[in-house]
Structure formats: C-alpha cells, structure tokens
4 protein chains.
Amino acid sequence: MPTVTWSRLGGERRAAVVAAAEAEFAEHGFSRGSLNVIARRAGVAKGSLFQYFADKRDLYAHITDVGSQRVRSYMEDQIRVLDPGRPFFEFLTDLLDVWVAYFAEHPRERALHAASSFEVDTDARVSVRAVVHRHYLEVLRPLVHDARERGDLRADADVDALLSLLLMLLPHLALAPYVRGMDPVLGLDEMSAEQPALVVRRYVAVLAAAFGRSALSAPQTLPTGNLGGEHAYD
Amino acid sequence: MPTVTWSRLGGERRAAVVAAAEAEFAEHGFSRGSLNVIARRAGVAKGSLFQYFADKRDLYAHITDVGSQRVRSYMEDQIRVLDPGRPFFEFLTDLLDVWVAYFAEHPRERALHAASSFEVDTDARVSVRAVVHRHYLEVLRPLVHDARERGDLRADADVDALLSLLLMLLPHLALAPYVRGMDPVLGLDEMSAEQPALVVRRYVAVLAAAFGRSALSAPQTLPTGNLGGEHAYD
Amino acid sequence: MPTVTWSRLGGERRAAVVAAAEAEFAEHGFSRGSLNVIARRAGVAKGSLFQYFADKRDLYAHITDVGSQRVRSYMEDQIRVLDPGRPFFEFLTDLLDVWVAYFAEHPRERALHAASSFEVDTDARVSVRAVVHRHYLEVLRPLVHDARERGDLRADADVDALLSLLLMLLPHLALAPYVRGMDPVLGLDEMSAEQPALVVRRYVAVLAAAFGRSALSAPQTLPTGNLGGEHAYD
Amino acid sequence: MPTVTWSRLGGERRAAVVAAAEAEFAEHGFSRGSLNVIARRAGVAKGSLFQYFADKRDLYAHITDVGSQRVRSYMEDQIRVLDPGRPFFEFLTDLLDVWVAYFAEHPRERALHAASSFEVDTDARVSVRAVVHRHYLEVLRPLVHDARERGDLRADADVDALLSLLLMLLPHLALAPYVRGMDPVLGLDEMSAEQPALVVRRYVAVLAAAFGRSALSAPQTLPTGNLGGEHAYD
DNA sequence: CATGAATGAGCTTTCATTCAT
DNA sequence: GATGAATGAAAGCTCATTCAT
C-alpha cells in the first residue's frame, strides 16, 4: 500500500509518477521494469519513490490497482448504456465487443493487462491477478446471476463454470489480437478489422449453446452477417 | 535453432546441457534463468553454449521444444491406450484426467510449462508458445475431426472454437492446481485430491453441451458421483 | 553535545528518543544504525533529531554517555556493597565477577559496549572510547590508589600499568563470552557457566603476582576450587 | 577463498587488485570499503572482482590473510635475528620494540590491522581475527613454551594467561600510538619518540613480575634509563 | 519548534556476450 | 572446437541531511 506521504502528495507529482510507472511496467512488466527509468521519466529522485511506496512491488500493485479500477469503471458505465436487462447472450455479445474495442483503443491499458498476465515473479503475479480477478467477478457475477434469475440461462446451468470460462476469455480477447501466436486457431492475431467481432460471436455462440435456456435456441448458423447489428440469440 | 556444432556433439555432452538448462529454466523461467548456472551445472564452458546456440533465447526455444515433444509423446501413447474411438466426451474426460495427473507427477514438466506461459519477454514467450500450440493442435485436431466424422459432435459444431477453448483449458488444468489465485471460481488451487477430476468433468460437461451431438445428450446433473468411473456422455 | 532544545525537552519525549537510539545503536552500531529507524521508533520526526543533536555522531556520543553512566552507577553501588576496604585482589575478583555478571544479564548494555568497541568510524570510536575510558578511570584509579596506600600493592608497583591492563581486561571480560573468536586461548567464548569466573581468577592471579605486596603472596595453585567463595589473595 | 581464476591471473593484474583493495580496506575497513573504488583504482572492471572472489568478504579475507602473513614473515625473520634463546623477557622487550617499529614504519599494515580489529560486521571481524590470532599464537606459543622449558618462567606460570595478555598487548602496542584516546593512562598516543619503548618496558616489567622465574628477578626500578640498550632482566 | 518530503550518491551483485588463446 | 577471463551496464534499495512550511 502506498505510504501516507503518497496520499498527501500534490496531484501533479503523483500523476507524473503514475504515468511514468504505467508506461514502464506496461512496456517491460514488473520484473523487467526499472525504477531507475520510472524515477527519471517522472522527474523525481529515485529515493522519492521509496517515500511513496514500500518497494517496487508496492508501486506495481498500486499501478495495477489504479489501472484495473479505470477499466472497471469504464465497463460499468458501458454496462448501464448497453442495458443489462436485455437477453443475456445478446447483451454479452455487445459487452465483449465493447471490451475488445476498449483495449484496441487503449494500448497502455492493454500492455498493463498483458504485463500482469505474463509476470514471471509468482508472488507479484498472484497478488495482481487476485485484484484483477476480483474486479472481473464483482462485475460479472451479478450479471450472470440476474441472467439466470430471468431465465436466460438453463435452470441447471453451471454458473461457476461459465464465470471460469469468462475469466479465460476476457484476457484472451483483450490481448490475443496484439500478441502473435496467442490464438493460432481462430486467428485473432491476424489483423483484420472484423476479426475480433467475429470471434466474439463464435465464443458467445458456444456459451449460449452450453448455458443458454434451451438447446434449440443455439444459433443454427454463425451470425457473421450482422456483426454489430441485431443479434440472433434471444 | 541449434548450430551444426550442436548436432555433431556427443550424446553425453548434449544430455548434460539439456538437463542443466531444463532444470534452470524450470526453476527461474527464461528471463531469470542464468547461462552461468547452466554452464556450470552442465560442466561445460560458458563460451561453449554460444557455440551450440545462437543466444540465450535459442537455447530456451530448444529446451521447450524438447520438453513439449516429451509431453506430446506421452500423451500420444496414452491416447492409444485410452482408445480414441470411444464416445468423444467420455474419451476427453479420461484424457484430461491423464493430462492433469501427468503434470501432478512431473513437477519439472509443470515448471517448464509455467515458465513458458508466464515469460515476460514477449518474443521469447511468443516463439515458445507457438511451438507448444503447434504440438497441441497436431494432437487435438485429428481427435476432434474424427469425433465429428463419427457424429459425436453436432453437425454444425464450431470445431475451431472447440480447439480454441481446449488450448486455454489445457494449460489451465495443468497449472492452476499449483498456482495460487489462478482459478478463483472453481477452486482448482485448493488442494483436495478430487478437485481436479471434478473440475475436468464440469468443463467437459460444458463442452459436451455446447458441441455434443444433441442437446438432449447434455448431462442433466453434474456427474460428480462417478469420478474416474463410467461416463454419462455419449 | 545535545542542543539547548534537547535540554528544554519534556522528559517523555527525551526518554523515547534515548530508548530508540539505544536499541538501534546496540543492534547495529553507529555506522550501520539508522536515524530513520530511530526517529520512527521514538515517534518523532526525522528532522527533530537534528534539532536535538548536531548530527548522527552527536546523538551517538550522547547515547554512549548515558549508557556508560548507567553502568558506572551500578558498579559504584556494587563497589560499596563489596566493601572496597578489603584486601585488594580479593575485592577485585568479586568486582570482576559482578562486572561479568552485569553484562551477562544486560544484553543491550553489552551490545552498546561492543558497538562502541568495534565501531569502524575512527572519529566516532575515538570520542566514544574517550568517554568510556574516563568513566573507567574515575572509578578504578581511587580504588587502586587506596590499595597502594593500604599496602595491598607492592611499594614500587607501576600503578598506571595496572590501570592500563584493567582497561584492556574490562571490555574483554564483558564481551569475549559473547563474541566468537575473541579469546582463543582461555576459551571465554566457549559457553560454560563457570568459565568466566575461572578466567577472572586467572587474570587476577597474574595481577596479584605482578603488583601484589609480596611475591610470596602469589598463588601456588590456581584457585579453581573456590570460585565465588573465599579468596586466596591477601 | 579466491577462485581458480584468481590463481591463474597474471601477476601484474593481481598485484593491482591487491594493492587497491589493501588501500581501500585500510582506509575504510570492510564495511565501509567500496568495491567500486577498489575496481576503479585497480583498473579492472567491477565484474572482474567477482571472477576472482566469491564476494566482498572473500576479497577482504584474502587481503587480510596476505597482510597477516607478511607481518608474520617479517616477525619470524626478526625473531631469528634477535636470538630467541636469550633470557625471555629481555628477548621479549626487543621483540616488542621491533613490533612497534614495524607498525610505525608501515602505516598501511597498521591501518589494515586496525580495520580488522574494529570491524562492525561480526562475521567479517570474527573470521579475520581468527586468522590473525592463529598467526599470533603459532609464533608466540613456541617462544613461550621454550622459555618455560629453559626455566625463564616460573614453574607454575599460567602460560595461557600470558599468551592471552600478549594477544591484547600486541594490537594495543601496534595501534595505540596512532589512535587518539586508545591509551589514556600510559600515554602511548602522545607522540614522543621514546614513549612506545618506555611503555614496552613497563608492560614487560609487569609480565616479568607475574610470570618470571622468581619474584626477586622483578625489576626494582623501571628501566627507563637504557631504552633500547642493555636489559635488566635475566 | 516540529515536521517530513526531497534528495541523489552510494552500495553489492548479476548477467549475457565477446574473443583471444 | 573448447575455453573462461573480461566486460560494464543495470538492478533495487538505504541513507544522513536539508529546508520550506
């Protein structure tokens, strides 16, 4: 946790440190990220960093926390806009589209997300992933539960298995388009504009078939024709 | 790629280098793994490593390749034993059980797998994951295709989506039981002996519901009662 | 020397600073002791330390002074109890026993003593040793002079040589039982309960032979039989 | 222990490293001595030091070892010159004169000796003192034993107590003339040319009285009149 | 008189790679 | 083909002291 010194710090200095640290950790991850570089870029003395944070890991945790909250806030806003009361898989499709678009447009957010996913240092990775997972679940769990309440999910649907899969799919969708080789099957990493939207629909189709109210509601054909338009599942 | 010098090398020396490098990379990953240590443990001169491999990454790639092939060979043997001609999701359950057991019993293999999954160095990670993914797919694709041919998969099943999900599930099942926080929903990291088998069945149930021949074949209840015994899906 | 600000300070605050500084310097010595830590433990601002003392060394000198005075007071009390009018070497034996016991029972005192003895920083060490030596001498010199007056010392005894040796023996006896390798001959550092008492008697025997009234009074055998009991020298 | 690399090293490079390290450690002791400075002064890369020595302490131990052996060799030569077969306390007086003179003329040797005596780092100090003490004892013990055999010591002399005192007196005589406050009684630190010789005689007189063959042989007057000339004890 | 934020030089150790032998 | 000495940048972190508030 940041020190009290950090909490009393002027906004400008704080912003400089956060920006420098985000950039560095996004670029090189925790283990490879350099405090020297962060201090230099932020225009503060190296020692000052240790007045604000207990150590490197503390700084990293803070940066990740801030970043996660930013993403979460954005997504929660979007969730309201997209109307979570709609048929679940239709809503989920839109949500994932937004998710993909957000990371497409925010390279630094994406880099931070990647850095935390691939961190070698087990403790650093574990503690950061814990934060990220918590945010994910606090947002997703109510959505999924409401969907089941509403009857959008099959009565015996394994809700936790759904959440578990979403926890794998979300980072995958955010990062795969920018990391060569991460998705050698569906080709998310082949840069074509509609690729991600298509993949989103294929994944959602799977989830709908597995967890949706009735097997009959599963799409008979891939909905490639109306990307971003109306949805077939309801 | 290893140099010609490496290919002309005596088997003993080669084995020593491979063993030392595997141990080191398993323990510390690529970025943190030390060539100093590898050379010392292998009993060869530091300079010799550079006669055999272009650089550190080249050595790492080779080690991963060798490791992947070892895992693949083992799994291919097991596939024959398990009879791939059986009903697909029943077979898949057994296969994943074997997979989980293999990594449970081979900590170094698991460590190498983890090291490659969490490598910070993007290029190193990408090239290594490419190799691993290739092995995965060369084994899984025929299995899945045969299953569809046999009619174990629904006619319109999105085979590539299935493969894509398996590519996420396999590393997850191998590592999550040993990496705190990797699975905060299904609790793979809570050490209880049946946990992995149970989770395997939950994931397979999802896949069966999504890709299986008929929605009717989806399990009505979680098959927790017959872990490792007979299977309900066919 | 402490500033006037220090002298005007409330007793509680002063005590907190002294306690924190003693603990820190006892643990790590002057060079390694940290003002940061002292300020934190004392619950005062780092800057305040510089309002009370000119610099680190000034604080250290003060702490040593306070500590020395505490030891001196204790020893002066004991001297009265032990009756300094008794035959000198008998009295000295008891005195050294008390001395050894005091440091055995007061680890912090011992640590402070050790810290000042082994300080690398020459100036710090010199000024601190000067204080300690002054205390030693102000206590010992009257004792030794009285002994000569009474005739317990040989008429031509080199009193200053005796004091000089005592100045070496006192720290040695206090510390050697706790510092490996400090006494490789008499084995003070081999932890056995009677060891120090035995060594005290051997040293006193030497001093008695060298400075005692008559050569005839020198012990013919080592007085190992009556540790802590009656004494042979008089 | 130095590495094999060190043992294979060219004499010039080795000499440069040793010289630089001696100078630095003499000046600042182990804890404060800087490897940065040593490498720079020696004209070698910082990393090279770690090819030659396991770590800082290893280098320090080597430097101290070399230094101790140098002093020991010199003293052993002098012992032969001074004729150890002479009456012991006469011989000892000359020996201590030589000892004092050696450190007077070799400031770096003296500084190294001081550095090892006052080192804060317990482990470093202990291991170094162990080496020094070993050298001391290997030289002194035979001399003292021969003296007793010859009858120069009283039959019941506590030989180990004598050695123990010599182990305190030797560093004291070497360093006290150059360290203010180290000897506030006999005034070794007051720079006057005959002072050390005088003090040597006072200490020897004490030892002679305590351990010499007969109390009658103890000097009746301090032999201040013939410093460096003939000796009164025999 | 008290505070505590800021400083930046300083520390030891590790590392992949080069290249003369 | 094998060797291993040499390199020097880079790392995270600590510290006594200053000084504006």
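Labels below follow one simple rule: chain letters A, B, ... track the order of the sequence lines, proteins then strands, and each chain is numbered from 1. Because the structure is predicted, anything quoted here is derived from the model rather than measured. Just so it is clear, the values below take in all heavy atoms, side chains as well, and ignore hydrogens, waters and symmetry mates.
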Check your understanding: Will you find, in the side chains of D/Arg125 and D/Ser117, an N or O donor that is under 3.5 Å from an N or O acceptor?
Key -> no
Point to revise | A/Asp58 side-chain N/O to A/Met1 backbone N/O, donor-acceptor pair under 3.5 Å | key: yes
Check your understanding: With pairs taken as Watson-Crick or G-U wobble and both distances under 3.5 angstrom, which stems of at least three consecutive pairs involve DNA chain E?
Key -> E:2-21 with F:2-21
Review point. Has the side chain of B/Ser68 got a donor or acceptor atom that lies under 3.5 Å from a matching backbone atom of B/Val132?
Key: no
Study note, to complete from the structure: Hits for side chain to side chain donor-acceptor pair (under 3.5 Å) against C/Ser34, two or more places apart or cross-chain, chain-then-number order -> none
Exercise for review: Not counting sequence neighbours, which residues clear ring-ring contact (aromatic ring centres under 6.0 Å, His included) with C/Phe30? List them please.
Suggested key: C/Tyr60
Point to revise | 4.5 Å side-chain heavy-atom contact, C/Glu22 and C/Val66 | key: yes
Review point. Start at the 5' end of DNA chain F and walk down; is the nucleotide closest to C/Gln51 or to B/Leu49 reached first?
Key: B/Leu49
Review point. Side-chain contact, heavy-atom cut-off 4.5 Å: A/Val44 with A/Ile38?
Key: no
Practice item. Measure the shortest side-chain to side-chain distance between A/Glu109 and A/Arg70 over non-hydrogen atoms and say whether it is less than 4.5 angstrom. Key: yes
Review point. Counting only side-chain N and O atoms of C/Tyr52, is one of them less than 4.0 Å from OP1 or OP2 of E/dA2?
Key: yes
Review point. In residues 35-46 of chain C, which residues come under 4.0 Å of DNA chain F by heavy atom?
Key: C/Leu35, C/Asn36, C/Lys46
Point to revise | C/Ser31: partners by side chain to side chain donor-acceptor pair (under 3.5 Å), with sequence neighbours left out | key: C/Glu119
**Study point:** All pairs passing side-chain hydrogen bond (donor to acceptor under 3.5 Å, both in side chains) where residues 4-13 of chain B contributes a residue, at least two apart
**Key:** B/Arg13-B/Tyr52
Review point. Which of residues 53-67 of chain A have a heavy atom under 4.0 Å from DNA chain F?
Key: A/Asp55, A/Lys56
Point to revise | Contact interval (first through last nucleotide) of DNA chain F with protein chain A, 4.0 Å heavy-atom | key: F/dA11 to F/dT14
Study note, to complete from the structure: By nearest-heavy-atom nucleotide on DNA chain E, the more 5' of A/Gly47 and C/Ser48 is C/Ser48
Exercise for review: Indicate yes or no: at least one non-hydrogen side-chain atom of C/Val17 is less than 4.5 angstrom from one of C/Leu9.
Suggested key: no
Exercise for review: Could you list the residues that satisfy ring-ring contact (aromatic ring centres under 6.0 Å, His included) with D/Phe50, not counting sequence neighbours?
Suggested key: none
Review point. Where along residues 2-14 of chain A does a heavy atom come under 4.0 Å from DNA chain E, residue by residue in number order?
Key: A/Thr5, A/Arg8, A/Leu9, A/Arg13
Practice item. Could you tell me whether a side-chain N or O of B/Thr64 sits under 3.5 Å from a main-chain N or O of B/Val128, the two making a donor and an acceptor? Key: no
Check your understanding: In this structure, are over 12 heavy atoms from other groups packed under 6.0 Å from D/Arg57 atom CZ?
Key -> yes
Review point. What residues form a side-chain contact (heavy atoms from CB on, under 4.5 Å) with A/Arg41, not counting sequence neighbours?
Key: A/Ala20, A/Ala23, A/Glu24, A/Glu27, A/Val37
Practice item. Could you tell me whether A/Arg180 atom CZ has more than 12 heavy atoms of other residues or ligands within 6.0 Å of it? Key: no
Exercise for review: Give a yes or no answer on whether the side chain of C/Lys46 reaches the backbone of C/Arg40 with a donor-acceptor pair at less than 3.5 Å.
Suggested key: no
Exercise for review: Give me the residues of residues 17-34 of chain A where at least one heavy atom lies under 4.0 Å from an atom of DNA chain F, by number, or none.
Suggested key: A/Gly33, A/Ser34
Point to revise | Note, C/Thr3 side chain near C/Phe53 side chain (heavy atom, < 4.5 Å) | key: no
